[in-house]
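Before any comments, here is the structure.
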Amino acid sequence: MEKDKNCVFCKIIDGEIPAYKIFEDENVLAFLDISQVTKGHTLVVSKKHYDNFLSTPKEIVHKVMDVAQRIGQVQVEFLGAKGVNILTNCYPAAGQTVMHFHVHVIPRYDQNDNFILEMKTKDDSKLNLPVLAKQIKKELK
Ligand code: 5GP
Ligand code: ZN
């Protein structure tokens, strides 16, 4: 997909909206998130407009992830991060607000550094895990 004229990330890619860019090549752009969850919070985006991770060609996903990995390494080695969260939201139900594929690279400094990701364990007594596994496995073939 090419540019979407209403997309804020397409506008950043085109230079219509300013951003603090930290990496750019033919396929990928990385820039600081306007809302810094932690110091150095970065977005890595495909230059072409795809709605999200799930609808992006895998070659492009791989290129975006390569850049995300390198930025995470720099955050740990040179920014003083003790860890990094790599996150990509797909669809509003998962918290996606900008419908252009992007990966958050969020440096972590300590447990109270403003970023909370909570995975509560669901009561799985009503879930049939063998059936569930079989159902998903069948579709992956
Ligand atoms: P999502 O919730 O879709 O995974 O994340 C979208 C992210 O884009 C948010 O963290 C938000 O702060 C960031 N964002 C939205 N508009 C802009 C903008 O104009 N400039 C920059 N640098 N980041 C933006
Ligand atoms: Zn876009």
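Reckoned from all heavy atoms, side chains included, excluding hydrogens, waters and symmetry mates. Treat the numbers as computed from the prediction; the structure is a model and nothing was measured. Both counts, for ligands and for their atoms, begin at 1 and track the order of listing.
- The shortest N or O to N or O distance between L32 and ligand 1 is below 3.5 Å.
- The shortest N or O to N or O distance between H102 and ligand 1 is under 3.5 Å.
- Taking a cutoff of 4.0 Å between a charged side-chain nitrogen and a carboxylate oxygen, E24 and K47 qualify as a salt bridge.
- In this structure, A19 has no heavy atom closer than 4.0 Å to ligand 1.
- The proximity of N89 to ligand 1, defined as any non-hydrogen pair under 4.0 Å, is limited to the side chain.
- Proximity of L43 to ligand 1, defined as any heavy-atom pair under 4.0 Å, is confined to the side chain (atoms from C-beta onward).
- The angle subtended at the Zn ion (ligand 2) by SG of C10 and ND1 of H100 is 110°, given to the nearest 10°.
- Here Q75 contributes atom CD and T38 contributes atom OG1; the two are 7.0 Å apart, rounded to the nearest 0.5 Å.
- Aromatic rings from F9 and F31 are positioned such that their centres are separated by under 6.0 Å.
- The shortest side-chain heavy-atom distance between K48 and N27 does not fall under the 4.5 Å cut-off.
- Atom 14 (N) of ligand 1 has I34 CG2, 3.9 Å as its closest protein atom, hydrogens excluded (heavy atom only).
- Ion pairing between a basic and an acidic side chain is recognised when a charged N comes within 4.0 Å of a carboxylate O; R108 and D113 show such pairing.
- Within the model, atoms CD1 of I86 and CD1 of I106 stand 8.5 Å from one another, a figure rounded to the nearest 0.5 Å.
- Taking a 4.0 Å cut-off on heavy atoms, K11 fails to register as neighbouring ligand 1.
- At a 4.0 Å cut-off, not a single heavy atom of M99 sits close enough to ligand 1 to count as contact.
- Residues F23 and V76 share a hydrophobic cluster, clusters being chains of Ile/Leu/Val/Met/Phe/Trp/Tyr side chains in contact below 4.5 Å.
- Cluster membership check: V64 shares its hydrophobic cluster with V61, using side-chain heavy-atom separations under 4.5 Å among Ile, Leu, Val, Met, Phe, Trp and Tyr.
- Taken together through direct or relayed side-chain contacts under 4.5 Å among Ile, Leu, Val, Met, Phe, Trp and Tyr, L43 and M65 form parts of separate hydrophobic clusters.
- Taking distance alone, with nitrogen or oxygen atoms compared against 3.5 Å, D33 approaches ligand 1 more closely than that limit.
- F53 and F101 have tilted rings, their planes meeting at an angle from 30° to 60° on a 0 to 90° scale.
- When heavy-atom distances to ligand 1 are checked against a 4.0 Å cut-off, V8 comes that close only through its side chain, counted from C-beta outward.
- Closest to atom 15 (C) of ligand 1, if we only count protein heavy atoms, is V98 CG2, 4.1 Å.
- Looking at atom 3 (O) of ligand 1, its nearest protein heavy atom turns out to be T97 N, 2.7 Å.
- Across F9, F31, Y91, heavy-atom proximity to atom 8 (O) of ligand 1 is greatest for F9.
- You'll find the ring centres of H100 and Y50 outside the 6.0 Å limit.
- Of all atoms in ligand 1, listed by their number and element, those nearer than 4.0 Å to a heavy atom of S35 are 12 (O).
- Of all atoms in ligand 1, listed by their number and element, those nearer than 4.0 Å to a heavy atom of Q96 are 3 (O).
- Distance check, rounded to the nearest 0.5 Å: CG of D51 to CD of Q96 gives 7.5 Å.
- The shortest contact between atom 20 (N) of ligand 1 and any protein heavy atom is with I12 CD1, 3.6 Å.
- Each of the atoms 1 (P), 2 (O) of ligand 1 lies under 4.0 Å from some heavy atom of G95.
- H49 contributes ND1 as its N, O or S atom closest to the Zn ion (ligand 2).
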